[in-house]
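Chain naming here is simple, since letters A, B, ... match the order of the sequence lines and numbering starts at 1 in each.
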Amino acid sequence: MSAAPPHRPQGPITSQFAAREPAYLAGLNAEQREAVQTTEGPLLVLAGAGTGKTRVLTTRIAHILATRKARGNQILAVTFTNKAAREMKERIGKLVGASVEGMPWLGTFHSIGARLIRRHAELVGLRPDFTILDTDDQIRLIKQLLAAENIDEKRWPARQFASMMDGWKNRGLLPKDISPADAGFFANGKGQKIYKDYQARLKTLNAADFGDLLLEGIRLFKENPEILAQYHDRFRYMLVDEYQDSNTAQYMWLRLLAQSRDGINSSNICVVGDDDQSIYGWRGAEVDNILRFEKDFPGARMIKLERNYRSTSNILSAASHLIANNESRLGKTLQTDVGEEGEKLSVTSVWDSEEEARQIGEEIEQFQRQGDPLDDMAILVRASFQMREFEERFITLGLNYRVIGGPRFYERKEIRDALAYLRIVANPNDDLAFDRIVNVPKRGLGDAATQLINQTARAIGKPKIAAIRELLETEELKSGPRKSLSNLIHQFDNWSAKQFERTAIETSENNDGEIVERQLILPPVPHYELAEQILDESGYTAMWQNDKSADAPGRLENLKELIRSMEEFENLGGFLEHIALVMDRDSGEGGDAVSIMTLHSAKGLEFNTVFLPGWEEGLFPHQRALDESGLAGLEEERRLAYVGITRARKRCRISLAQNRRIHGLWQSAIPSRFLDELPAQVVEVTDTGSSYGGYTYGGRATTRFDNRDPFESVYETPGWQRAQRQQSARKGPGPVTIDGDLVARSSGPSAAYGVGERVFHLKFGYGTVTAAEGNKLSIDFEKAGPKKVLDSFVKRG
DNA sequence: GATGCAGATATTTTT
DNA sequence: TATCTGCATC
């Protein structure tokens with residue numbers, strides 16, 4: 001704390017300062033204040049969910065500015081998402097007035113990375129106007145390289161290589177750093193070569209991918225210590241948001257910047273994060289970065305923010321107990337400041353996902369009748385396929401919802417196509433953009449023409465546009481393609497010229513009948529008008545206008561939106577940079593609506609009521625996370641559960657289906673192990689009544705069959721429950737001789753059903769087996785029609 | 001260049 | 001089950 005020294009002299013100036021506390025500090029708790037005021041030296045702020053992390057971060061910047069420790073352009077503040085960057089800008093603006101404009105180094109890792117290498121582009125082998133490639137471009141480029149190496153794309157998909165390379169780049173590895181073992185995974189050891197070729201191709205294309213924006217920065221700093229020193233001088237203070245999500249490359253990048261001249265990490269770097277909310281390990285994030293911070297930055301202080309201003313104590317208690325099951329964490333104990341126990345969390349077991357959607361829909365309507373706005377409710381799912389069922393249900397109910405996530409604006413085909421046109425105009429060397437649109441709309445250019453262009457380009461070592469120019473001088477092209485290519489090139493020249501001031505000759509006849517030529521100076525066409533012209537003149541707009549598919553009008557609308565959004569930018573270059581790095585999906589308008597999104601995209605948000613469906617083994621925790629990453633995977637899934645619960649302010653409603661259809665097959669579901677990790681006192685277990693057997697909780701059976709058989713509740717294994725359900729499905733009392741081995745046998749060969757056999761299924765009733773393959777059966781049900789089910793789901797009928 | 005079929009493939013996705 | 005991709009075909 002920054003209490004004044006005890007025997008502070010009572011001069012008029014000092015007392016004035018001591019007495020009047022800056023307004024921005026008001027309302028902060030002791031730890032928050034400390035985090036704001038500890039400006040010197042490395043600092044780790046461990047901020048639990050809902051503890052006012054963003055507030056600390058923004059106030060800290062405001063504090064640095066207000067106390068004149070640094071000017072806005074001497075502060076480096078990085079976030080992961082554009083949304084977070086925007087929010088920080090806004091909030092700082094509110095705190096200190098308009099000086100946010102003076103913070104050019106507040107942004108995402110990638111946008112700052114790009115800014116940095118643009119300034120020194122020539123040192124990393126690029127020109128300052130280099131293009132930023134998206135994933136789509138990357139894949140297409142890799143495909144070309146694979147073809148050149150005669151690698152069978154079926155066996156070694158480009159996509160797979162792209163994600164591998166992504167992993168390398170996340171770890172800060174250049175082609176030369178790839179170990180033979182790593183590279184050996186792909187195409188019998190050709191991985192390293194392809195990576196190398198890929199990087200070389202990027203340089204000739206004057207392009208960089210997302211990974212390069214950081215990787216090239218690291219290289220730049222390593223190879224040019226004098227430039228790094230400039231930035232050491234510049235950045236007096238560094239702040240990093242969501243540090244638990246940083247990957248190795250980002251860590252290296254930061255660490256270089258945070259070094260002082262003598263190479264010791266003693267800078268004023270403040271990282272804020274929550275190890276318990278690290279959910280992007282699969283994307284290369286290293287929780288280790290945050291766990292290791294104090295070692296990496298000697299003399300680092302750690303401040304924990306543990307006072308939660310969001311959730312009721314019941315919700316917090318559930319979340320804390322759950323996350324306490326993780327081994328690798330720094331450990332925090334969240335305490336609520338809401339001062340309310342609140343409702344218990346509810347856990348509801350339902351028959352299947354359809355019922356789950358129905359159930360949640362009803363609850364939402366009920367809360368709505370009580371006066372809760374839909375905006376305050378959210379459904380957070382583990383996997384996006386779960387969303388559909390809710391959407392369908394809500395449509396029938398007429399319940400307003402919005403889906404958050406999904407493909408981003410600039411990932412849409414029409415936007416990418418339009419951008420490709422603009423990219424070529426901005427940078428005629430952009431062969432990837434050229435490939436994308438040579439024949440879009442159709443220009444009668446087939447394989448033959450494209451091949452010829454590629455060959456020529458390779459032969460003369462020039463971009464494709466240049467190659468076409470040369471080809472047009474020769475007779476090599478057939479007349480059709482020749483004409484359309486010549487036309488296209490003309491158009492590009494024309495569009496390019498319009499970016500700048502240019503001259504035109506106007507011919508007219510004067511009164512004496514003489515032809516008079518006048519030279520006119522035409523001003524540059526504004527880039528947004530140019531874009532519109534390009535789309536019209538190229539026939540691209542017409543292409544969609546003539547398209548009668550259902551989504552064509554939407555696409556045209558998107559194109560309009562694209563052009564509209566261009567007006568905010570000074571020039572084409574600025575716009576293209578923005579679109580590649582910053583363009584957000586159009587965020588939620590459309591009135592009061594329930595949000596449906598994945599747990600991942602819910603991070604950082606909060607709602608009064610949160611629904612968490614699908615808490616079943618295999619789905620959540622997801623089987624693949626378990627298979628691929630073992631214990632680490634499980635812990636990440638648990639953190640995801642923690643994120644989910646802590647999104648709730650007042651109400652948290654968890655549900656699980658006993659049956660779920662995955663890839664068209666009905667699978668029985670076992671309650672998620674996470675349910676057992678919730679403390680019993682804060683959870684209320686309900687059953688919708690339509691389920692059999694079902695979910696038992698904390699040693700107590702909670703099904704409506706509780707009183708039927710006093711011994712039933714002893715058996716809680718999932719397999720047992722399944723057996724139980726099968727038993728109870730039988731008509732009449734029947735002999736209740738339940739054999740523990742029954743379940744194991746049911747999926748083994750001895751349980752195989754023969755074609756033509758009559759069987760009974762709990763959901764579909766009676767039917768006849770039409771085909772059997774392993775434990776999968778095709779059954780023609782009398783009422784429900786043909787279905788595929790697992791044999792353990794049916795009984796001989 | 002449109003169409004249709006076989007075959008693979010089906011977590012999460014800040015930039 | 002449903003959706004997407006590449007490829008063959010007309």
Side-chain angles (χ1 to χ4, degrees), chain A residues 78-87 107-114 132-135 138-139 143 153-155 157-160 163 166 169-170 208-215 241-242 244-247 249-250 277-285 380-388 404-408 410-411 439-447 547 577-585 597-605 614 618-629 633 636-637 639-641 643-644 660-667 776 778 786-789:
Chain A
V78 282
T79 64
F80 281 82
T81 65
N82 294 304
K83 209 174 132 206
R86 216 180 311 120
E87 192 182 340
T108 62
F109 270 103
H110 293 268
S111 63
I112 290 176
I132 297 167
L133 296 191
D134 59 35
T135 336
Q138 265 188 68
I139 304 259
K143 277 188 181 168
E153 225 250 276
K154 279 221 180 94
R155 211 158 142 220
R159 217 161 253 296
Q160 191 191 327
S163 64
D166 202 45
K169 291 192 170 186
N170 283 157
D209 63 21
F210 282 126
D212 287 345
L213 297 180
L214 291 161
L215 216 48
D241 190 17
E242 305 275 17
Q244 78 282 353
D245 288 338
S246 59
N247 61 36
Q250 286 156 342
Q277 290 187 67
S278 159
I279 54 175
Y280 284 103
W282 51 276
R283 245 191 138 272
L380 312 182
V381 297
R382 172 66 247 259
S384 37
F385 75 83
Q386 292 172 261
M387 294 182 180
R388 219 186 59 187
I404 296 177
R408 248 157 276 122
Y410 70 88
E411 278 172 6
N439 207 24
V440 180
K442 301 276 183 282
R443 297 192 172 86
L445 299 166
D447 262 4
D547 190 312
E577 168 98 9
H578 178 87
I579 195 94
L581 290 171
V582 191
M583 193 73 175
D584 270 355
R585 62 202 107 171
M597 68 188 101
T598 63
L599 286 159
H600 282 90
S601 37
K603 196 169 74 162
L605 305 177
L619 177 59
F620 192 37
H622 201 282
Q623 193 56 47
R624 235 164 113 168
L626 265 34
D627 292 346
E628 283 168 17
S629 319
E636 184 154 313
E637 294 287 299
R639 291 193 289 268
L640 208 44
V643 167
R660 196 172 285 276
R661 200 164 51 171
I662 294 170
H663 312 326
L665 270 184
W666 282 96
Q667 309 254 233
K776 296 172 190 171
S778 300
K787 303 270 178 213
K788 280 188 180 170
V789 298

Next item on the list: Taking only the side-chain heavy atoms of A:Arg661 (C-beta and beyond), determine which of B:dT11, B:dT15, C:dT1 contains the nearest atom.
Entry: C:dT1
Margin query: So if I take every side-chain heavy atom of A:His622 and compare against B:dT15, B:dT13, B:dT11, which nucleotide ends up nearest?
Written below: B:dT11
Notebook entry, point to check: Quick one: A:Leu626 CG to B:dT12 C1', roughly how many Å, whole number?
Noted result: 14 Å
Checklist line | Gap between atoms CG and P, on A:Leu640 and B:dT12 respectively (whole Å) | finding: 11 Å
Check: Only one of A:Met387, A:Arg382, A:Gln386 clears side chain to side chain contact (heavy atoms under 4.5 Å, CB included) with A:Thr598; which?
Finding: A:Met387
Checklist line | Least distance between heavy atoms, A:Asp245 atom then A:Ser278 atom | finding: OD1-CA, 4.0 Å
Note to self: Using heavy-atom distances to pick each residue's nearest nucleotide on DNA chain B, tell me which of A:Gly664 and A:Glu411 is more 5'.
What the structure shows: A:Gly664
Notebook entry, point to check: Of all the nucleotides listed (B:dT15, B:dT11, C:dC7), which has the minimum atom distance to the side chain of A:Lys154?
Noted result: C:dC7
Notebook entry, point to check: So, A:Asn247 side chain and A:Gln250 main chain: donor-acceptor pair closer than 3.5 Å or not?
Noted result: yes
Notebook entry, point to check: Atom CZ of A:Phe210 and atom P of B:dT15: how far apart are they, to the nearest Å?
Noted result: 8 Å
Next item on the list: Check the pair A:His622 / A:Trp282 against ring pair (Phe, Tyr, Trp, His ring centres under 6.0 Å), numbers first and verdict last.
Entry: CA-CA 13 Å; A:His622 201 282; A:Trp282 51 276; over 10 Å; no
Margin query: Which heavy atom of A:Phe210 sits nearest to which heavy atom of A:Leu581, and what is that distance?
Written below: CE2-CD2, 3.7 Å
Notebook entry, point to check: Which part of the nucleic acid does A:Gly211 contact within heavy-atom distance under 4.0 Å: base, sugar-phosphate only, or nothing?
Noted result: nothing
Check: Within the structure shown, what part of the strands sits under 4.0 Å from A:Lys603 by heavy-atom distance: base, sugar-phosphate, or nothing?
Finding: nothing
Notebook entry, point to check: Taking N and O atoms by type only, does the side chain of A:Arg283 place a donor or acceptor under 3.5 Å from a partner on the base of B:dT11?
Noted result: no
Note to self: Using whole Å, what does the distance between atom P of nucleotide C:dC7 and atom CD of A:Glu153 come to?
What the structure shows: 8 Å
Note to self: By the 4.0 Å heavy-atom rule, please label A:Asn439 as base, sugar-phosphate, or nothing.
What the structure shows: sugar-phosphate
Next item on the list: Report the distance from atom NZ of A:Lys83 to atom P of B:dT15, rounded to the nearest whole Å.
Entry: 10 Å
Notebook entry, point to check: A:Ala625 near the nucleic acid: base, sugar-phosphate alone, or nothing, with a heavy-atom cut-off under 4.0 Å?
Noted result: base
Next item on the list: Provide, to the nearest angstrom, the distance between the CZ atom belonging to A:Arg159 and the P atom belonging to B:dT13.
Entry: 15 Å
Notebook entry, point to check: Considering only side-chain heavy atoms of A:Lys442, which listed nucleotide, B:dT15, B:dT13, B:dA2, is closest?
Noted result: B:dA2
Next item on the list: Round to the nearest Å and state the distance from A:Leu599 atom CG to B:dT13 atom C1'.
Entry: 14 Å
Note to self: Please classify the nucleic acid contact of A:Glu637 as base, sugar-phosphate, or nothing, using heavy-atom distances under 4.0 Å.
What the structure shows: base
Note to self: Base, sugar-phosphate or nothing for A:Lys143? Non-hydrogen atoms, less than 4.0 Å.
What the structure shows: sugar-phosphate
Check: Out of C:dA2, B:dT13, B:dT15, which nucleotide sits closest to the side chain of A:Ser601?
Finding: B:dT13
Note to self: For a quick check of understanding: with a heavy-atom distance under 4.0 Å over all strands, which category does A:Asp134 fall into, base, sugar-phosphate or nothing?
What the structure shows: nothing
Margin query: Determine whether the aromatic ring of A:Trp282 stacks with the base of B:dT12, defined as ring centroids separated by less than 5.5 Å and ring planes inclined by less than 30°.
Written below: yes
Checklist line | Donor-acceptor pair, side chain of A:Glu637 and main chain of A:Phe620, under 3.5 angstrom | finding: no
Next item on the list: Take atom P in B:dT12 and the same atom in C:dT5, then report the distance between them in whole Å.
Entry: 16 Å
Check: Which way is the base of B:dT11 turned, syn or anti, if we draw the line at 90° from 0?
Finding: syn
Next item on the list: May I ask you to say what A:Tyr280 touches in the nucleic acid, namely base, sugar-phosphate or nothing, with a heavy-atom cut-off under 4.0 Å?
Entry: base
Item checked: Side chain of A:His663 (C-beta onward), nearest among B:dT13, C:dT3, B:dA10 -> B:dA10
Check: Between A:Leu665 (CG) and B:dA10 (C1'), how many Å, whole number?
Finding: 13 Å
Notebook entry, point to check: Is there a donor-acceptor contact under 3.5 Å from the side chain of A:Ser163 to the main chain of A:Gln160?
Noted result: yes
